[in-house]
J.: 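Got a structure for you, questions after.
Chain letters run A, B, ... following the sequence lines, proteins first and then strands; every chain starts at 1. Atom set for the values below is all heavy atoms of this structure, side chains included, hydrogens, waters and symmetry mates excluded. Note that the structure is predicted; figures quoted are calculated from it, not measured.
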Amino acid sequence: MIEFKNIRKSFGQKLVLDGVSHIMENGKTNLIIGTSGSGKTVLQKCLVGLFEPDEGEIIYDGVSFTEMSEDDRKMLRQQIGMLFQGSALFDSMNVEQNIRFPLDMFTKDTKAQKNKRVNEVLERVNLSGSNKKFPSEISGGMKKRVGIARAIVLNPKFLFCDEPNSGLDPQTSMLIDKLIYDITKEFNMTTIINTHDMNSVMEIGDNILYMKEGRKEWTGNSKDIIFSDNKSLNQFIFASEFLKDAKQMRMMESKREQK
Amino acid sequence: MNFLAHFGRYILMLKGMLSKPENGRLYWKEFMKQCVDIGIGSLGIVVIISVFMGAVSTLQTAYQISNPLISKSIISQIVRDTVILEFSPTLVCIVLAGVVGSKIASELGNMRVSEQIDALEIMGINTKSYLIMPKIAAAIITIPLLVMLSMALGIYGGRMTGVFSGIISAETFDRGLLDKFIPYNVTFALMKAYTFAFIISSVPAYYGYHVKGGALEIGKSSTTSVVVSCVTILFADYILAALLL
Ligand SMILES: Nc1ncnc2c1ncn2[C@@H]1O[C@H](COP(=O)(O)OP(=O)(O)OP(=O)(O)O)[C@@H](O)[C@H]1O
Ligand SMILES: [Mg+2]
(Lines give C-alpha, C1' and ligand atoms only; values in the text may rest on other atoms or scores of the structure.)
(Ligands and ions follow the chains in the order given, each with its own letter.)
Protein backbone atom coordinates (compact mmCIF):
# COMPACT_ATOMS: atom_id res chain seq x y z
CA MET A 1 0.00 0.00 0.00
CA ILE A 2 1.24 3.44 -0.84
CA GLU A 3 -0.37 6.44 0.73
CA PHE A 4 0.50 9.96 -0.24
CA LYS A 5 -0.69 13.20 1.20
CA ASN A 6 -0.77 16.64 -0.24
CA ILE A 7 1.98 16.22 -2.83
CA ARG A 8 3.05 19.48 -4.39
CA LYS A 9 5.63 19.87 -7.09
CA SER A 10 6.53 22.76 -9.31
CA PHE A 11 9.19 23.26 -11.95
CA GLY A 12 10.32 26.86 -11.73
CA GLN A 13 7.16 28.94 -11.89
CA LYS A 14 5.03 26.11 -13.21
CA LEU A 15 2.96 24.31 -10.59
CA VAL A 16 2.54 20.72 -11.84
CA LEU A 17 1.14 18.92 -8.79
CA ASP A 18 -1.10 20.97 -6.58
CA GLY A 19 -1.62 18.98 -3.39
CA VAL A 20 -2.60 15.48 -4.50
CA SER A 21 -3.56 12.88 -1.87
CA HIS A 22 -4.61 9.32 -2.44
CA ILE A 23 -4.16 5.73 -1.30
CA MET A 24 -2.84 3.10 -3.73
CA GLU A 25 -4.02 -0.24 -2.41
CA ASN A 26 -2.23 -3.56 -2.60
CA GLY A 27 -3.64 -6.39 -4.62
CA LYS A 28 -5.30 -3.80 -6.82
CA THR A 29 -4.51 -2.12 -10.11
CA ASN A 30 -4.46 1.55 -9.23
CA LEU A 31 -4.92 3.73 -12.29
CA ILE A 32 -3.92 7.33 -12.71
CA ILE A 33 -5.77 8.89 -15.61
CA GLY A 34 -5.93 12.39 -16.98
CA THR A 35 -5.25 14.47 -20.04
CA SER A 36 -1.79 14.73 -21.47
CA GLY A 37 0.24 17.10 -19.33
CA SER A 38 -1.93 16.72 -16.23
CA GLY A 39 1.02 15.55 -14.17
CA LYS A 40 0.68 11.74 -14.18
CA THR A 41 4.31 11.01 -14.97
CA VAL A 42 5.53 13.63 -12.52
CA LEU A 43 3.32 12.12 -9.80
CA GLN A 44 4.72 8.63 -10.39
CA LYS A 45 8.25 9.93 -10.36
CA CYS A 46 7.60 11.75 -7.10
CA LEU A 47 6.27 8.54 -5.57
CA VAL A 48 9.44 6.61 -6.38
CA GLY A 49 11.74 9.50 -5.49
CA LEU A 50 13.06 10.39 -8.94
CA PHE A 51 11.63 13.84 -8.30
CA GLU A 52 11.69 15.26 -4.80
CA PRO A 53 8.22 16.73 -4.05
CA ASP A 54 8.28 20.28 -2.72
CA GLU A 55 5.74 19.38 -0.09
CA GLY A 56 3.76 16.40 1.12
CA GLU A 57 4.32 12.94 2.50
CA ILE A 58 4.64 9.52 0.90
CA ILE A 59 4.14 6.38 2.97
CA TYR A 60 5.04 2.88 1.81
CA ASP A 61 3.38 0.20 3.94
CA GLY A 62 3.31 2.47 6.96
CA VAL A 63 6.90 3.71 6.59
CA SER A 64 7.49 7.28 5.56
CA PHE A 65 9.38 7.35 2.26
CA THR A 66 9.83 11.09 2.53
CA GLU A 67 11.96 10.73 5.67
CA MET A 68 13.89 7.64 4.59
CA SER A 69 17.67 7.80 4.24
CA GLU A 70 19.17 7.27 0.80
CA ASP A 71 20.32 3.77 1.82
CA ASP A 72 16.89 2.75 3.05
CA ARG A 73 15.40 4.05 -0.18
CA LYS A 74 17.83 1.88 -2.07
CA MET A 75 16.70 -1.16 -0.12
CA LEU A 76 13.04 -0.33 -0.74
CA ARG A 77 13.68 0.20 -4.42
CA GLN A 78 14.84 -3.36 -4.79
CA GLN A 79 11.15 -4.20 -4.32
CA ILE A 80 10.00 -1.69 -6.93
CA GLY A 81 9.58 -2.41 -10.61
CA MET A 82 9.04 0.45 -12.99
CA LEU A 83 8.17 0.78 -16.64
CA PHE A 84 9.09 4.19 -18.01
CA GLN A 85 6.99 6.05 -20.55
CA GLY A 86 9.92 5.84 -22.98
CA SER A 87 10.80 2.25 -21.94
CA ALA A 88 14.36 3.23 -20.86
CA LEU A 89 15.95 -0.01 -22.02
CA PHE A 90 19.74 -0.22 -21.74
CA ASP A 91 20.91 0.24 -25.35
CA SER A 92 24.19 -1.53 -24.79
CA MET A 93 22.39 -4.76 -23.91
CA ASN A 94 20.11 -7.03 -25.90
CA VAL A 95 16.58 -7.93 -24.84
CA GLU A 96 17.65 -10.91 -22.81
CA GLN A 97 20.46 -9.06 -21.04
CA ASN A 98 18.11 -6.18 -20.26
CA ILE A 99 15.67 -8.48 -18.55
CA ARG A 100 18.36 -10.51 -16.82
CA PHE A 101 20.12 -7.46 -15.45
CA PRO A 102 18.08 -7.17 -12.23
CA LEU A 103 18.50 -10.91 -11.68
CA ASP A 104 22.26 -10.64 -12.15
CA MET A 105 22.45 -7.70 -9.81
CA PHE A 106 20.27 -8.86 -6.97
CA THR A 107 19.96 -12.63 -6.98
CA LYS A 108 22.34 -15.51 -6.52
CA ASP A 109 20.46 -17.77 -8.92
CA THR A 110 22.36 -20.06 -11.25
CA LYS A 111 22.64 -19.25 -14.91
CA ALA A 112 20.05 -21.87 -15.80
CA GLN A 113 17.56 -20.52 -13.28
CA LYS A 114 18.03 -17.01 -14.61
CA ASN A 115 17.59 -18.10 -18.22
CA LYS A 116 14.45 -19.95 -17.29
CA ARG A 117 13.03 -16.91 -15.55
CA VAL A 118 13.93 -14.63 -18.46
CA ASN A 119 12.21 -16.89 -20.95
CA GLU A 120 9.21 -17.17 -18.66
CA VAL A 121 8.63 -13.42 -18.54
CA LEU A 122 9.41 -13.02 -22.22
CA GLU A 123 6.69 -15.51 -22.93
CA ARG A 124 4.27 -13.67 -20.68
CA VAL A 125 4.77 -10.46 -22.65
CA ASN A 126 4.43 -12.41 -25.88
CA LEU A 127 8.00 -11.89 -27.02
CA SER A 128 9.54 -15.34 -26.98
CA GLY A 129 12.29 -15.62 -29.52
CA SER A 130 13.39 -11.99 -29.46
CA ASN A 131 16.09 -12.72 -26.89
CA LYS A 132 19.07 -11.58 -28.91
CA LYS A 133 17.67 -8.42 -30.50
CA PHE A 134 18.97 -5.03 -29.43
CA PRO A 135 16.64 -2.19 -28.38
CA SER A 136 17.48 -0.31 -31.58
CA GLU A 137 16.22 -3.26 -33.60
CA ILE A 138 12.75 -3.59 -32.10
CA SER A 139 9.57 -1.55 -32.40
CA GLY A 140 8.25 0.88 -29.81
CA GLY A 141 5.57 -1.53 -28.67
CA MET A 142 8.11 -4.31 -28.30
CA LYS A 143 10.33 -2.01 -26.24
CA LYS A 144 7.37 -1.37 -23.96
CA ARG A 145 6.90 -5.08 -23.48
CA VAL A 146 10.57 -5.67 -22.78
CA GLY A 147 10.35 -2.82 -20.27
CA ILE A 148 7.43 -4.55 -18.56
CA ALA A 149 9.29 -7.85 -18.57
CA ARG A 150 12.28 -6.19 -16.93
CA ALA A 151 10.05 -4.49 -14.36
CA ILE A 152 8.34 -7.69 -13.26
CA VAL A 153 11.23 -10.12 -13.49
CA LEU A 154 11.97 -9.93 -9.74
CA ASN A 155 8.28 -10.07 -8.75
CA PRO A 156 8.31 -6.61 -7.20
CA LYS A 157 6.07 -5.64 -4.33
CA PHE A 158 5.32 -2.31 -5.97
CA LEU A 159 4.89 -2.02 -9.71
CA PHE A 160 4.79 1.31 -11.51
CA CYS A 161 3.83 1.43 -15.17
CA ASP A 162 3.81 4.65 -17.14
CA GLU A 163 1.48 4.06 -20.07
CA PRO A 164 2.13 0.33 -20.46
CA ASN A 165 -0.04 0.05 -23.54
CA SER A 166 0.39 3.24 -25.45
CA GLY A 167 1.64 2.33 -28.89
CA LEU A 168 0.36 -1.23 -28.76
CA ASP A 169 -2.32 -2.76 -30.95
CA PRO A 170 -5.63 -3.47 -29.16
CA GLN A 171 -4.95 -7.17 -28.89
CA THR A 172 -1.46 -6.90 -27.40
CA SER A 173 -2.68 -4.05 -25.28
CA MET A 174 -5.32 -6.28 -23.73
CA LEU A 175 -2.79 -9.01 -23.22
CA ILE A 176 -0.53 -6.63 -21.31
CA ASP A 177 -3.44 -5.35 -19.22
CA LYS A 178 -4.38 -8.88 -18.35
CA LEU A 179 -0.79 -9.76 -17.49
CA ILE A 180 -0.44 -6.80 -15.17
CA TYR A 181 -3.83 -7.50 -13.61
CA ASP A 182 -3.05 -11.16 -13.07
CA ILE A 183 0.33 -10.69 -11.46
CA THR A 184 -1.09 -7.96 -9.27
CA LYS A 185 -3.66 -10.39 -7.90
CA GLU A 186 -1.27 -13.33 -7.82
CA PHE A 187 1.49 -11.63 -5.84
CA ASN A 188 -0.71 -9.10 -4.02
CA MET A 189 1.30 -6.27 -5.57
CA THR A 190 0.61 -2.60 -5.32
CA THR A 191 0.36 -1.67 -8.97
CA ILE A 192 0.17 1.89 -10.21
CA ILE A 193 -0.59 2.50 -13.86
CA ASN A 194 -0.71 5.74 -15.79
CA THR A 195 -2.95 5.42 -18.76
CA HIS A 196 -5.04 7.12 -21.39
CA ASP A 197 -6.47 3.87 -22.58
CA MET A 198 -10.23 3.65 -22.00
CA ASN A 199 -10.21 -0.05 -22.50
CA SER A 200 -7.77 -0.44 -19.59
CA VAL A 201 -9.87 1.88 -17.47
CA MET A 202 -12.92 -0.30 -17.98
CA GLU A 203 -11.18 -3.65 -17.77
CA ILE A 204 -8.70 -3.26 -14.94
CA GLY A 205 -9.68 -0.06 -13.14
CA ASP A 206 -9.85 -1.25 -9.51
CA ASN A 207 -9.00 2.12 -8.10
CA ILE A 208 -8.93 5.09 -10.41
CA LEU A 209 -7.47 8.51 -9.71
CA TYR A 210 -8.53 11.10 -12.25
CA MET A 211 -6.16 14.05 -12.36
CA LYS A 212 -6.87 17.43 -13.79
CA GLU A 213 -4.34 20.23 -13.90
CA GLY A 214 -2.31 18.72 -11.08
CA ARG A 215 -5.26 18.11 -8.77
CA LYS A 216 -7.27 15.08 -7.82
CA GLU A 217 -10.57 15.57 -9.59
CA TRP A 218 -12.32 12.26 -9.05
CA THR A 219 -11.68 8.77 -7.67
CA GLY A 220 -13.57 5.52 -7.89
CA ASN A 221 -13.51 2.23 -9.75
CA SER A 222 -14.48 1.16 -13.24
CA LYS A 223 -18.12 0.67 -12.25
CA ASP A 224 -18.45 4.03 -10.55
CA ILE A 225 -16.97 5.77 -13.54
CA ILE A 226 -19.99 4.99 -15.70
CA PHE A 227 -22.38 6.59 -13.28
CA SER A 228 -20.20 9.52 -12.40
CA ASP A 229 -21.72 12.89 -13.10
CA ASN A 230 -18.39 14.70 -12.93
CA LYS A 231 -18.51 16.82 -16.03
CA SER A 232 -14.81 17.01 -16.76
CA LEU A 233 -14.39 13.27 -16.19
CA ASN A 234 -17.22 12.48 -18.56
CA GLN A 235 -15.75 14.73 -21.18
CA PHE A 236 -12.39 13.06 -20.76
CA ILE A 237 -13.55 9.44 -20.74
CA PHE A 238 -16.50 9.48 -23.02
CA ALA A 239 -15.00 11.76 -25.60
CA SER A 240 -16.08 9.73 -28.62
CA GLU A 241 -19.62 8.94 -29.77
CA PHE A 242 -18.78 5.27 -29.66
CA LEU A 243 -17.85 5.39 -26.00
CA LYS A 244 -20.88 7.53 -25.20
CA ASP A 245 -23.07 4.81 -26.66
CA ALA A 246 -21.19 2.18 -24.72
CA LYS A 247 -21.81 4.13 -21.56
CA GLN A 248 -25.54 4.34 -22.27
CA MET A 249 -25.69 0.63 -22.85
CA ARG A 250 -23.82 -0.20 -19.68
CA MET A 251 -26.10 2.07 -17.67
CA MET A 252 -29.19 0.47 -19.11
CA GLU A 253 -27.82 -2.97 -18.46
CA SER A 254 -27.12 -2.28 -14.85
CA LYS A 255 -30.55 -0.73 -14.34
CA ARG A 256 -32.09 -3.89 -15.71
CA GLU A 257 -29.94 -5.93 -13.35
CA GLN A 258 -31.08 -3.86 -10.40
CA LYS A 259 -34.70 -4.57 -11.23
CA MET B 1 25.60 27.86 -12.69
CA ASN B 2 28.82 29.37 -11.45
CA PHE B 3 32.15 27.66 -10.96
CA LEU B 4 31.64 26.97 -7.26
CA ALA B 5 28.25 25.35 -7.78
CA HIS B 6 29.72 23.07 -10.44
CA PHE B 7 32.69 22.26 -8.27
CA GLY B 8 30.49 21.47 -5.29
CA ARG B 9 28.30 19.16 -7.34
CA TYR B 10 31.40 17.52 -8.81
CA ILE B 11 32.74 16.80 -5.32
CA LEU B 12 29.35 15.44 -4.25
CA MET B 13 29.35 13.18 -7.28
CA LEU B 14 32.78 11.82 -6.34
CA LYS B 15 31.65 11.33 -2.76
CA GLY B 16 28.42 9.60 -3.84
CA MET B 17 30.51 7.20 -5.87
CA LEU B 18 32.07 5.65 -2.81
CA SER B 19 29.63 3.05 -1.62
CA LYS B 20 29.58 -0.67 -1.30
CA PRO B 21 28.81 -2.29 -4.68
CA GLU B 22 25.44 -4.04 -4.82
CA ASN B 23 27.10 -6.89 -6.68
CA GLY B 24 30.87 -7.03 -6.91
CA ARG B 25 30.91 -9.31 -9.93
CA LEU B 26 28.89 -6.97 -12.14
CA TYR B 27 31.00 -4.01 -11.06
CA TRP B 28 34.11 -5.95 -11.98
CA LYS B 29 32.61 -6.81 -15.35
CA GLU B 30 31.79 -3.16 -15.98
CA PHE B 31 35.32 -2.18 -14.94
CA MET B 32 36.83 -4.68 -17.38
CA LYS B 33 34.57 -3.45 -20.17
CA GLN B 34 35.72 0.10 -19.51
CA CYS B 35 39.37 -0.97 -19.50
CA VAL B 36 38.87 -2.40 -22.96
CA ASP B 37 36.92 0.64 -24.17
CA ILE B 38 39.34 3.20 -22.82
CA GLY B 39 42.62 1.30 -23.07
CA ILE B 40 42.34 -0.78 -26.21
CA GLY B 41 39.94 1.69 -27.79
CA SER B 42 42.50 4.50 -27.82
CA LEU B 43 45.55 2.37 -28.54
CA GLY B 44 45.60 3.20 -32.25
CA ILE B 45 45.53 6.95 -31.89
CA VAL B 46 48.16 6.83 -29.13
CA VAL B 47 50.51 4.79 -31.34
CA ILE B 48 50.13 7.18 -34.27
CA ILE B 49 50.61 10.41 -32.36
CA SER B 50 53.51 9.04 -30.32
CA VAL B 51 55.56 7.92 -33.31
CA PHE B 52 55.01 11.17 -35.18
CA MET B 53 55.61 13.26 -32.10
CA GLY B 54 59.01 11.61 -31.61
CA ALA B 55 59.87 11.88 -35.29
CA VAL B 56 59.03 15.57 -35.47
CA SER B 57 60.96 16.38 -32.31
CA THR B 58 64.08 14.75 -33.72
CA LEU B 59 63.82 16.69 -36.97
CA GLN B 60 63.19 19.99 -35.27
CA THR B 61 65.86 19.55 -32.63
CA ALA B 62 68.40 18.67 -35.33
CA TYR B 63 67.34 21.74 -37.30
CA GLN B 64 67.86 23.99 -34.31
CA ILE B 65 71.22 22.49 -33.35
CA SER B 66 73.19 22.90 -36.55
CA ASN B 67 76.36 23.85 -34.71
CA PRO B 68 79.03 21.21 -35.55
CA LEU B 69 80.70 21.82 -32.18
CA ILE B 70 77.76 20.36 -30.29
CA SER B 71 77.75 16.58 -30.01
CA LYS B 72 74.91 14.99 -31.95
CA SER B 73 73.99 12.80 -29.01
CA ILE B 74 72.47 15.92 -27.47
CA ILE B 75 69.65 15.51 -29.98
CA SER B 76 68.56 12.22 -28.52
CA GLN B 77 68.84 13.62 -24.99
CA ILE B 78 66.54 16.47 -25.87
CA VAL B 79 64.08 14.18 -27.66
CA ARG B 80 64.11 11.80 -24.71
CA ASP B 81 63.44 14.50 -22.14
CA THR B 82 60.76 16.38 -24.02
CA VAL B 83 58.96 13.17 -24.90
CA ILE B 84 59.09 11.83 -21.36
CA LEU B 85 58.42 15.03 -19.52
CA GLU B 86 55.88 16.77 -21.66
CA PHE B 87 54.85 15.22 -24.94
CA SER B 88 53.82 11.78 -23.79
CA PRO B 89 51.95 12.64 -20.63
CA THR B 90 50.46 15.99 -21.61
CA LEU B 91 49.94 15.82 -25.34
CA VAL B 92 48.65 12.25 -25.28
CA CYS B 93 46.30 13.08 -22.42
CA ILE B 94 44.99 16.16 -24.22
CA VAL B 95 44.17 13.97 -27.20
CA LEU B 96 42.65 11.34 -24.94
CA ALA B 97 40.53 14.02 -23.29
CA GLY B 98 38.93 14.41 -26.71
CA VAL B 99 38.71 10.71 -27.55
CA VAL B 100 37.82 9.22 -24.17
CA GLY B 101 36.19 12.28 -22.63
CA SER B 102 33.64 12.87 -25.34
CA LYS B 103 32.76 9.20 -25.33
CA ILE B 104 32.20 9.11 -21.58
CA ALA B 105 30.18 12.33 -21.62
CA SER B 106 27.95 11.30 -24.50
CA GLU B 107 27.43 7.78 -23.20
CA LEU B 108 26.32 9.00 -19.77
CA GLY B 109 24.40 11.89 -21.30
CA ASN B 110 22.46 9.53 -23.50
CA MET B 111 21.72 7.27 -20.54
CA ARG B 112 20.50 10.26 -18.56
CA VAL B 113 18.29 11.66 -21.31
CA SER B 114 16.72 8.31 -22.21
CA GLU B 115 16.03 7.66 -18.51
CA GLN B 116 18.34 4.65 -18.35
CA ILE B 117 20.03 6.18 -15.31
CA ASP B 118 16.63 6.60 -13.66
CA ALA B 119 15.80 3.00 -14.49
CA LEU B 120 18.98 1.84 -12.72
CA GLU B 121 18.23 4.12 -9.77
CA ILE B 122 14.75 2.60 -9.44
CA MET B 123 16.20 -0.87 -9.32
CA GLY B 124 18.07 0.26 -6.22
CA ILE B 125 21.48 0.66 -7.80
CA ASN B 126 23.81 3.51 -6.89
CA THR B 127 24.30 4.82 -10.41
CA LYS B 128 27.18 7.07 -9.43
CA SER B 129 29.19 4.11 -8.27
CA TYR B 130 27.98 1.66 -10.91
CA LEU B 131 28.42 3.94 -13.92
CA ILE B 132 31.13 6.41 -12.95
CA MET B 133 33.52 4.59 -10.64
CA PRO B 134 34.45 1.83 -13.13
CA LYS B 135 35.18 4.47 -15.76
CA ILE B 136 37.47 6.46 -13.49
CA ALA B 137 39.18 3.32 -12.21
CA ALA B 138 39.70 2.01 -15.75
CA ALA B 139 41.12 5.36 -16.88
CA ILE B 140 43.51 5.47 -13.93
CA ILE B 141 44.74 1.98 -14.72
CA THR B 142 44.98 2.16 -18.50
CA ILE B 143 45.98 5.74 -19.29
CA PRO B 144 49.34 5.66 -17.45
CA LEU B 145 50.06 2.43 -19.33
CA LEU B 146 49.26 4.17 -22.60
CA VAL B 147 51.51 7.04 -21.59
CA MET B 148 54.39 4.65 -20.90
CA LEU B 149 53.85 3.01 -24.24
CA SER B 150 53.77 6.42 -25.83
CA MET B 151 57.15 7.31 -24.27
CA ALA B 152 58.74 4.22 -25.73
CA LEU B 153 57.15 4.72 -29.13
CA GLY B 154 57.97 8.43 -29.18
CA ILE B 155 61.64 7.79 -28.56
CA TYR B 156 61.62 4.93 -31.03
CA GLY B 157 59.97 7.13 -33.64
CA GLY B 158 62.61 9.78 -33.07
CA ARG B 159 65.41 7.27 -33.43
CA MET B 160 63.93 5.84 -36.61
CA THR B 161 63.60 9.26 -38.26
CA GLY B 162 67.05 10.28 -37.13
CA VAL B 163 68.60 7.18 -38.64
CA PHE B 164 66.57 7.14 -41.86
CA SER B 165 67.12 10.77 -42.64
CA GLY B 166 70.82 10.45 -41.86
CA ILE B 167 70.76 13.09 -39.13
CA ILE B 168 72.24 10.87 -36.50
CA SER B 169 73.54 7.31 -36.36
CA ALA B 170 71.77 4.68 -34.26
CA GLU B 171 74.82 4.30 -31.99
CA THR B 172 75.07 8.02 -31.25
CA PHE B 173 71.36 8.21 -30.61
CA ASP B 174 71.47 5.31 -28.16
CA ARG B 175 74.51 6.73 -26.41
CA GLY B 176 72.71 10.04 -26.00
CA LEU B 177 69.65 8.29 -24.63
CA LEU B 178 71.57 6.83 -21.72
CA ASP B 179 73.55 9.98 -21.07
CA LYS B 180 72.40 12.04 -18.05
CA PHE B 181 69.21 10.07 -17.77
CA ILE B 182 67.20 11.05 -14.70
CA PRO B 183 64.84 8.24 -13.64
CA TYR B 184 62.83 10.71 -11.56
CA ASN B 185 61.57 12.21 -14.82
CA VAL B 186 59.69 9.03 -15.54
CA THR B 187 58.20 9.01 -12.06
CA PHE B 188 57.15 12.61 -12.51
CA ALA B 189 55.61 11.85 -15.90
CA LEU B 190 53.63 9.00 -14.39
CA MET B 191 52.36 11.22 -11.61
CA LYS B 192 51.16 13.55 -14.30
CA ALA B 193 49.55 10.67 -16.17
CA TYR B 194 47.61 9.54 -13.07
CA THR B 195 46.39 13.06 -12.40
CA PHE B 196 45.35 13.59 -16.01
CA ALA B 197 43.66 10.20 -16.19
CA PHE B 198 41.50 11.19 -13.26
CA ILE B 199 40.63 14.50 -14.92
CA ILE B 200 39.90 12.93 -18.32
CA SER B 201 37.42 10.49 -16.81
CA SER B 202 35.81 12.38 -13.95
CA VAL B 203 35.17 15.73 -15.63
CA PRO B 204 33.31 14.27 -18.67
CA ALA B 205 31.49 11.88 -16.34
CA TYR B 206 30.31 14.87 -14.35
CA TYR B 207 29.04 16.68 -17.43
CA GLY B 208 27.43 13.60 -18.93
CA TYR B 209 25.78 12.47 -15.72
CA HIS B 210 24.16 15.83 -15.14
CA VAL B 211 22.83 16.49 -18.65
CA LYS B 212 19.33 17.95 -18.73
CA GLY B 213 17.29 18.02 -21.92
CA GLY B 214 17.77 16.11 -25.15
CA ALA B 215 20.17 15.15 -27.90
CA LEU B 216 21.29 18.74 -28.40
CA GLU B 217 22.34 19.05 -24.77
CA ILE B 218 24.27 15.78 -24.96
CA GLY B 219 26.39 17.27 -27.75
CA LYS B 220 26.88 20.50 -25.84
CA SER B 221 27.86 18.77 -22.64
CA SER B 222 30.31 16.58 -24.49
CA THR B 223 31.99 19.63 -26.05
CA THR B 224 32.04 21.49 -22.75
CA SER B 225 33.51 18.50 -20.99
CA VAL B 226 36.37 18.22 -23.49
CA VAL B 227 37.15 21.94 -23.22
CA VAL B 228 37.04 21.91 -19.44
CA SER B 229 39.17 18.75 -19.20
CA CYS B 230 41.81 20.21 -21.54
CA VAL B 231 42.04 23.44 -19.62
CA THR B 232 42.15 21.57 -16.32
CA ILE B 233 44.92 19.31 -17.65
CA LEU B 234 47.02 22.29 -18.69
CA PHE B 235 46.43 23.96 -15.38
CA ALA B 236 47.31 20.80 -13.45
CA ASP B 237 50.38 20.40 -15.65
CA TYR B 238 51.59 23.80 -14.57
CA ILE B 239 50.88 23.18 -10.88
CA LEU B 240 52.64 19.81 -10.93
CA ALA B 241 55.67 21.22 -12.70
CA ALA B 242 55.88 24.09 -10.23
CA LEU B 243 55.53 21.78 -7.24
CA LEU B 244 57.49 18.71 -8.21
CA LEU B 245 60.32 19.76 -10.49
N1 LIG C 1 11.62 17.72 -15.86
C2 LIG C 1 10.67 18.65 -16.05
N3 LIG C 1 11.00 19.95 -16.05
C4 LIG C 1 10.06 20.90 -16.23
N5 LIG C 1 8.76 20.65 -16.43
C6 LIG C 1 8.36 19.38 -16.47
C7 LIG C 1 9.30 18.30 -16.28
N8 LIG C 1 8.63 17.15 -16.35
C9 LIG C 1 7.34 17.49 -16.59
N10 LIG C 1 7.17 18.81 -16.65
C11 LIG C 1 5.89 19.52 -16.86
O12 LIG C 1 4.94 18.95 -16.00
C13 LIG C 1 3.68 18.86 -16.63
C14 LIG C 1 3.13 17.45 -16.45
O15 LIG C 1 3.94 16.55 -17.16
P16 LIG C 1 3.72 14.99 -17.11
O17 LIG C 1 4.83 14.40 -17.88
O18 LIG C 1 3.53 14.55 -15.73
O19 LIG C 1 2.36 14.82 -17.90
P20 LIG C 1 1.56 13.49 -18.15
O21 LIG C 1 0.29 13.62 -17.42
O22 LIG C 1 2.40 12.32 -17.84
O23 LIG C 1 1.29 13.59 -19.71
P24 LIG C 1 1.29 12.42 -20.81
O25 LIG C 1 0.01 11.74 -20.70
O26 LIG C 1 1.42 13.16 -22.09
O27 LIG C 1 2.46 11.55 -20.53
C28 LIG C 1 3.88 19.25 -18.07
O29 LIG C 1 3.34 20.53 -18.26
C30 LIG C 1 5.37 19.31 -18.26
O31 LIG C 1 5.71 20.38 -19.08
MG1 LIG D 1 3.34 10.86 -18.92
J.: Give the member of Glu70(A), Lys45(A), Met75(A), Gln79(A) that has the highest number of heavy-atom pairs under 4.5 Å with chain B.
T.: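 Top option by heavy-atom pairs under 4.5 Å: Lys45(A).
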J.: Taking only distance into account, with no hydrogens and no angle test, what donor-acceptor pairs under 3.5 Å do side-chain atoms of residues 49-59 of chain A form with protein atoms, sequence neighbours excluded?
T.:
residue, atom, partner, partner atom, Å
Glu52(A), OE1, Arg73(A), NH1, 3.1
Glu52(A), OE2, Arg73(A), NH2, 3.4
Asp54(A), OD2, Ser10(A), N, 2.7
Asp54(A), OD2, Ser10(A), OG, 3.1

J.: Can you list the residues of residues 95-129 of chain A that sit under 4.5 Å from chain B, counting heavy atoms only?
T.: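 The stretch touches chain B at Phe101(A), Pro102(A), Asp104(A), Met105(A), Phe106(A), Lys114(A).
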J.: Only heavy atoms, only distances under 4.5 angstrom. Which residues in residues 22-40 of chain B are near chain A?
T.: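 So the qualifying residues are Glu22(B), Asn23(B), Arg25(B), Leu26(B), Tyr27(B).
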J.: Please list, in residue-number order, every residue in residues 114-132 of chain B that has a heavy atom less than 4.5 Å from any heavy atom of chain A; write 'none' if there are none.
T.: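 Under the 4.5 Å heavy-atom cut-off, Ser114(B), Glu115(B), Gln116(B), Asp118(B), Ala119(B), Leu120(B), Glu121(B), Ile122(B), Met123(B), Gly124(B), Ile125(B), Asn126(B), Tyr130(B) qualify.
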J.: Is the number of heavy atoms from other residues, nucleotides or ligands under 6.0 Å of Tyr238(B) OH greater than 12?
T.: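 No, not enclosed.
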J.: Between CD of Glu107(B) and CG of Asp91(A), what distance do you get to the nearest 0.5 Å?
T.: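 Going from CD on Glu107(B) over to CG on Asp91(A), the span is 9.5 Å.
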J.: What part of Leu83(A) gets within 4.5 angstrom of chain B, counting heavy atoms only: side chain, backbone, both, or neither?
T.: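 For Leu83(A), there is no contact with chain B at all, as no heavy atom is under 4.5 Å.
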